[in-house]
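Chain A is the first sequence line, chain B the second, and so forth, proteins listed ahead of strands; every chain is numbered from 1. Atom set for the values below is all heavy atoms of this structure, side chains included, hydrogens, waters and symmetry mates excluded.
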Amino acid sequence: MIRIYNTLSQKKEQFKPIEPGKVGLYVCGMTVYDYCHLGHARVLVAFDVITRYLRHSGFDVNYVRNITDIDDKILRRADENGEVYTCLTERMIAAMHEDEARLGVLSPNAEPRATAFISDMIAMIETLIAGGHAYAADNGDVYFLVSSFADYGKLSKKKLEDLLAGARVDVEQAKRSPADFALWKAAKPDEVFWPSPWGNGRPGWHIECSAMANHCLGDTFDIHGGGPDLLFPHHENEIAQSECATGHTFVNTWMHAGAIRVNKEKMSKSLGNFFTIREIMETYPAEVVRYFLVSSHYRSQVDYSEDNLIESGRSLTKLYNALRGVTPLASDAVARTAHDTLFVKRMDDDFNCAGAMATLHALAGEMNQQRRDGDEQAAAASATVLVRLGSVLGLLQQDPELFFQSDSGQGNELSAGQIETMIQSRADARKTRDFAGADQIRDELLARGVILDDSREGTSWRRG
RNA sequence: GGCGCGGUGGCAGAGUGGUCAUGCAGCGGACUGCAACUCCGUUAACGCCGGUUCGAUUCCGACCCGCGCCUCCA
């Protein structure tokens, strides 16, 4: 029985899908005008683990994650670059797919792009106007009439009067109320546009998700997720639009990931203190970045620091060390163990992957003992469970040697061949008990970032 | 100002009304030519003050501190 923290009710609830055995999941994806930063990675990885676990639990998950490929920031950036905006978005989408693949994030079932659903958005806006929930203003924009939706603020726990009292709400003359938000924006001269009943223009940000979610998952679906800063106004506005347009509850469970922080401040575009994941992956293996992200609860805020990534690297190394030289069996060859049970118990509790991770280390410790005792069969069985549980978190799926020996791609490292040659020289020196010579070679390798591990079977190496 | 979240050992990070997280680091030992890996042992924590209770880090209340949202941001 899975329990999920629902932002709407502000408590953990037993998860009950609308249709038994099936889950409709929508996550707000990227606005593609720049590379993914760590905050994007957090959301990507969090919902990847959630999807993997729901599937592991037997659910048929329909995971939809949109791409916002038209918006002010995209147009501005394309303009700065002096390129057609679609060139920019295509490039960023390709980069995003590359980053996701490296992080071990599985593709969603559907990845709708805003520009492919303009007609759905226009239809929804027409419905809203007909229902008295929206109005076309003199400037060619169409706005949502917030006062027409009694439940406005139910997600973010805001009261309309408080919002209006705040001085930070955009004061746009054409709006009837400052809290109203754009559904359709009139095109400025020389801007890309789509024709509509209200003139040439393009959709507002919030209506995209309402239209695409509705198209892909229907009027009401199970889970909607996203980053912490989307809660208000984006998700609140989605609810208003969708519920006014369909007359039905939009979403049963709302999930929000925690923020990434750097030096005690939120990592964000507006503060300019963000790290793209590709620059982080230049220094740290992608799986280490993933391990870092998975090792704290998806709802808690997490501090990015070099030290934390280094620690994650060591921790993951320990797991792979256990797996090294052991061949796991096919997953179904090993029955469910107490470790599986504990893992499931932890994950059932609002996807507590940090807690679940402890079982991976328990398993690794057990394996190391079994190998010490020479019980290779037991070790292989343990390895099977370790890899099985790892797969639910999207970890430990590569060959340990690959994890240990892949270079950073910076081009300034020793090749595997060079390393093997030096190891052979060292082995020769050790045979003649020339330990000074042997140690010199080992020190040289260490200086080049290569660590040697001796065992009865010979010497293996890893980059560290 | 409004709304919300959190304060756990040197660090990271789970969890629980009454012997246990886990990882990193440290310390002692084993293994090793020496290391590395690994194993065994070990140190150490629940912001502060009250309350409930036989017993509270865990429940309740006050307080202090930190953070997030209220504006485009995952």
Side-chain angles (χ1 to χ4, degrees), chain A residues 7 10 27-31 33-34 36-47 71-73 76 153 156-159 161-163 165-170 179 205 225-234 236 256-261 264-272 274 291-292 295-297 299-303 305 307-319 321-322 324-325 342 346 349 352-362 364-365 367-369 371-373 430 433-436 438-439 442-443 446 450-456 459-462 464:
Chain A
T7 309
Q10 298 175 286
V27 173
C28 290
M30 281 195 56
T31 299
Y33 69 102
D34 207 343
C36 298
H37 66 230
L38 237 204
H40 294 114
R42 176 107 201 255
V43 173
L44 252 20
V45 168
F47 285 97
D71 121 306
D72 292 341
K73 293 185 290 299
R76 196 189 321 132
S156 55
K157 319 300 171 203
K158 294 184 191 306
K159 293 193 186 81
E161 54 264 37
D162 294 339
L163 287 172
R168 296 165 86 187
V169 178
D170 173 34
W205 176 35
D229 37 18
L230 259 31
L231 206 158
F232 187 89
H234 187 55
E236 194 69 60
H256 292 92
I260 300 270
R261 307 200 316 155
K264 309 289 174 196
E265 267 186 330
K266 196 182 91 155
M267 175 184 292
S268 77
K269 293 276 169 115
S270 45
L271 290 169
F274 61 92
Y291 185 99
F292 167 67
S295 60
S296 62
H297 189 94
R299 277 192 288 118
S300 62
Q301 61 182 19
V302 44
D303 282 290
S305 73
D307 285 350
N308 288 346
L309 278 191
I310 290 167
E311 188 187 310
S312 292
R314 287 184 182 148
S315 209
L316 184 57
T317 294
K318 182 164 180 148
L319 257 21
N321 255 327
R324 207 171 196 186
L342 185 60
R346 298 268 162 80
D349 182 13
N352 179 4
C353 40
M357 217 168 223
T359 62
L360 302 192
H361 282 100
M367 257 185 88
N368 287 328
Q369 282 179 54
R371 297 179 71 183
R372 242 176 117 77
D373 297 343
R430 290 177 77 203
R433 302 194 65 78
D434 172 18
F435 294 122
D439 288 352
R442 188 172 62 197
D443 290 345
L446 187 61
V450 176
I451 298 164
L452 300 186
D453 299 300
D454 291 330
S455 73
R456 290 137 299 277
T459 299
S460 53
W461 60 275
R462 62 193 156 93

Phosphate contact (B/C3 OP1 or OP2) by A/Gln10 side-chain N/O below 4.0 Å: no
Touch class at under 4.0 angstrom, heavy-atom based, for A/Thr359 against every strand present: nothing
Least distance between heavy atoms, A/Ala322 atom then A/Arg371 atom: O-NH1, 2.7 Å
Short side-chain N/O contact from A/Lys266 to OP1 or OP2 of B/C69, under 4.0 Å: yes
Gap in Å between the two P atoms, one belonging to B/U19 and one to B/G55, rounded: 15 Å
Sugar-phosphate, base or nothing in reach of A/Ala259, heavy atoms under 4.0 Å: base
Contacts of type side-chain hydrogen bond (donor to acceptor under 3.5 Å, both in side chains), residue A/Lys73, not counting sequence neighbours: A/Asp71
A/Asn352 vs B/G15: side-chain N/O to OP1/OP2 distance below 4.0 Å: yes
Sugar-phosphate, base or nothing in reach of A/Ile451, heavy atoms under 4.0 Å: sugar-phosphate
Protein proximity profile, nucleotides 16-32 of chain B - base contact B, sugar-phosphate-only contact S, no contact -, cut-off 4.0 Å on heavy atoms: -----BSBSS-------
Proximity to the side chain of A/Asn321 - top-ranked nucleotide from B/A74, B/A14, B/C37: B/C37
Side-chain N or O of A/Asn368 closer than 4.0 Å to phosphate OP1/OP2 of B/C39: yes
Spacing of the P atoms in B/G41 and B/G50 (rounded, Å): 39 Å
B/C70 to B/C11 separation - P atoms, rounded to the nearest Å: 31 Å
A/Asp439 (side chain) and B/G33 (base): donor-acceptor pair under 3.5 Å: yes
N/O donor-acceptor pair under 3.5 Å between A/Arg42 side chain and A/Gln301 backbone: no
Partner set under salt bridge (Lys or Arg N to Asp or Glu O under 4.0 Å) for A/Arg442, not counting sequence neighbours: A/Asp439
Touch class at under 4.0 angstrom, heavy-atom based, for A/Phe232 against every strand present: sugar-phosphate
Residues in ring-ring contact (aromatic ring centres under 6.0 Å, His included) contact with A/His297, at least two apart in sequence or another chain: none
Sequence-distant partners of A/Thr317, side chain to side chain contact (heavy atoms under 4.5 Å, CB included), two or more places apart: A/Asn321, A/Phe403, A/Phe404, A/Arg462
Between CD on residue A/Glu236 and CG on residue A/Leu231, distance to nearest 0.5 Å: 7.5 Å
P spacing across the pair B/G47 / B/U32, given as an integer number of angstrom: 46 Å
Base B/A74 to side chain A/His37, donor-acceptor N/O within 3.5 Å cut-off: yes
Please tabulate, one pair per line, each protein N/O and nucleotide N/O from nucleotides 7-9 of chain B that are separated by under 3.5 Å, including the distance.
none

Toward the 5' end of RNA chain B, by each residue's nearest nucleotide, A/Ala438 or A/Ser296: A/Ser296
Side chain A/Ser455 and base B/C37 donor-acceptor under 3.5 Å: no
Sugar-phosphate only, base, or nothing, as touched by A/Asp229 at under 4.0 Å among non-hydrogen atoms: base
Sugar-phosphate only, base, or nothing, as touched by A/Gly153 at under 4.0 Å among non-hydrogen atoms: nothing
Whole-Å gap separating C1' (B/G4) and CG (A/Leu231): 9 Å
Nearest-angstrom distance from the residue atom CG of A/Asp307 to P of B/G13: 12 Å
Residues in salt bridge (Lys or Arg N to Asp or Glu O under 4.0 Å) contact with A/Asp72, at least two apart in sequence or another chain: A/Lys185, A/Arg202
Partners passing salt bridge (Lys or Arg N to Asp or Glu O under 4.0 Å) against A/Asp349 (at least two apart in sequence or in another chain): A/Lys12
Sugar-phosphate only, base, or nothing, as touched by A/Leu446 at under 4.0 Å among non-hydrogen atoms: nothing
Interatomic distance where CZ belongs to A/Arg442 and P belongs to B/A36 [whole Å]: 9 Å
Sugar-phosphate, base or nothing in reach of A/Ser295, heavy atoms under 4.0 Å: sugar-phosphate
Watson-Crick or G-U stems involving RNA chain B, each at least 3 pairs long, distances under 3.5 Å, ordered by first number: B:1-7 with B:64-70, B:10-12 with B:22-24, B:26-30 with B:38-42, B:49-51 with B:59-61
Nucleotide nearest A/His297 (side chain, heavy atoms from C-beta), chosen from B/A14, B/C67, B/A74: B/A14
Non-neighbouring partners of A/Arg346 that pass salt bridge (Lys or Arg N to Asp or Glu O under 4.0 Å), sequence neighbours left out: none
Any residue meeting side-chain hydrogen bond (donor to acceptor under 3.5 Å, both in side chains) with A/Asn308, in chain and number order, not counting sequence neighbours: A/Ser305
Sugar-phosphate only, base, or nothing, as touched by A/Lys158 at under 4.0 Å among non-hydrogen atoms: base
ring-ring contact (aromatic ring centres under 6.0 Å, His included) partners of A/His37, counting only residues at least two apart: A/His40, A/Phe274
A/Tyr33 OH to A/Arg76 CZ distance, which is reported to the nearest 0.5 Å: 8.0 Å
Whole angstrom value for the distance that separates C1' of B/C37 from CG of A/Leu319: 14 Å
